[in-house]
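Just so we're on the same page: letters track the sequence lines, and every chain starts at 1.
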2 protein chains.
Amino acid sequence: MVVLEFSDQDVNRLFRALADATRRDVVRRTLVADVSVSQLADSYDMSFAAVQKHVAVLEEAGLVTKEPRGRERMVRGNPDRIREAQRLLDRFEEIWRSRIDRLDVLLAEDDPAPPDT
Amino acid sequence: MVVLEFSDQDVNRLFRALADATRRDVVRRTLVADVSVSQLADSYDMSFAAVQKHVAVLEEAGLVTKEPRGRERMVRGNPDRIREAQRLLDRFEEIWRSRIDRLDVLLAEDDPAPPDT
DNA sequence: ATATCATACAATCAAATGGTTGTATTAGAG
DNA sequence: CTCTAATACAACCATTTGATTGTATGATAT
């Protein structure tokens, strides 16, 4: 199994890409089916170039891929990257849970003398 | 059960807040234990005011809360917000899975005649 | 062959972001 | 009471972001 490591920059790009409603919509739509850039552009109230840039941001974040199809570029959502984002959030949850565990250990102490920090 | 709805803006703020390594570190540290703003500021190679701003961004995103403790402000990570971020990502996964399901239905068709869209 | 559609990309611009320093306020320590 | 530590907040600045328009290129259709 390949454990792909994420640099801080990668994680920044990933969450940054998700921090825009248009981009989230693009991801949703392209998870359902491949959609060309121009089809996407028709859906939003902004220029073609603007949509193109949003797709580029998603592509750099790994959230979509582009595949040439004739004169079009079909955009495809990448569910793996979503899962990787989830995994990153899981780690925060783990940290939280480990805090709880440590508190439980304290509460379970027979001798309630506080440990010196 | 209170179903709190998220506006696009809320979601933007949430992911934007996570798109910075310093802020992610603050969240991790404050999930483990309450930490004052000045304690945080000591850890990073930037001014107190800069750290203060990062904490403010996290607070607006709901990822941390601040509680006055004497002359300090203790920062506390909010695990609920992390879970809400996870829930948002879950929805993307669901969309992906529903696509698979639809493909399965197509493959399971006895009569392979394509449905008219 | 030509016109057109889909895309790429550069230049430009306003607004947001991430940092700084400086000043003010407030709470605790001496 | 006075000094200091912790915070808040404003002003400022450089860089990035999100959008625009304009120009160029490649693939399709006529």
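In this structure, A:Phe15 places its CZ atom 22 Å from P of D:dT16, rounding to the nearest Å. When rounded to the nearest whole Å, the span between CD of B:Glu72 and C1' of C:dA29 equals 13 Å. Atom CD in A:Gln39 sits roughly 14 Å away from atom C1' in C:dT7 (whole-Å rounding). Rounding to whole angstrom units, CD of residue A:Glu60 and P of D:dG18 are separated by 12 Å. Rounded to an integer number of Å, the gap from CZ of B:Arg13 to P of C:dA16 is 12 Å.
With B:Arg29 as the fixed residue, the side-chain contact (heavy atoms from CB on, under 4.5 Å) test singles out one of B:Val75, B:Leu40, B:Asp34: B:Leu40.
At least one side-chain nitrogen or oxygen of B:Lys66 sits closer than 4.0 Å to the OP1 or OP2 atom of D:dA8. Taking only side-chain nitrogens and oxygens, B:Ser36 never comes nearer than 4.0 Å to OP1 or OP2 of D:dA6. Proximity of B:Arg73 to the phosphate of D:dA8: a side-chain N or O atom is located under 4.0 Å from OP1 or OP2. Contact annotation: A:Ser38 side-chain N/O to C:dT7 OP1/OP2 distance is under 4.0 Å. At C:dT7, none of the side-chain N or O atoms of A:Gln52 fall inside 4.0 Å of OP1 or OP2 (strictly under the cut-off).
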Protein-nucleotides 18-28 of chain C N/O pairs closer than 3.5 Å?
residue, atom, partner, partner atom, Å
C:dG18, OP1, B:Arg23, NH2, 3.4
C:dG18, OP2, B:Arg23, NH1, 3.2
C:dG19, OP2, B:His54, NE2, 2.2
C:dG19, N7, B:Lys53, NZ, 3.0
C:dG19, O6, B:Lys53, NZ, 2.2
C:dT20, OP1, B:Ser47, N, 3.3
C:dT20, OP2, B:Ser47, N, 2.8
C:dT20, OP2, B:Ser47, OG, 2.5

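B:Arg97 pairs by the side-chain hydrogen bond (donor to acceptor under 3.5 Å, both in side chains) definition with nothing, not counting sequence neighbours.
Rounded to the nearest 0.5 angstrom, A:Ser38 OG and A:Glu72 CD are separated by 5.5 Å.
Each side chain to side chain donor-acceptor pair (under 3.5 Å) pair with one or both residues in residues 51-65 of chain B, not counting sequence neighbours, appears once here: B:Arg23-B:His54.
No hydrogens or angles considered: a donor-acceptor pair under 3.5 Å links the side chains of B:Ser7 and B:Asp10.
Closest of all the heavy-atom pairs between A:Val64 and A:Gly77 is CG1-CA, 4.1 Å.
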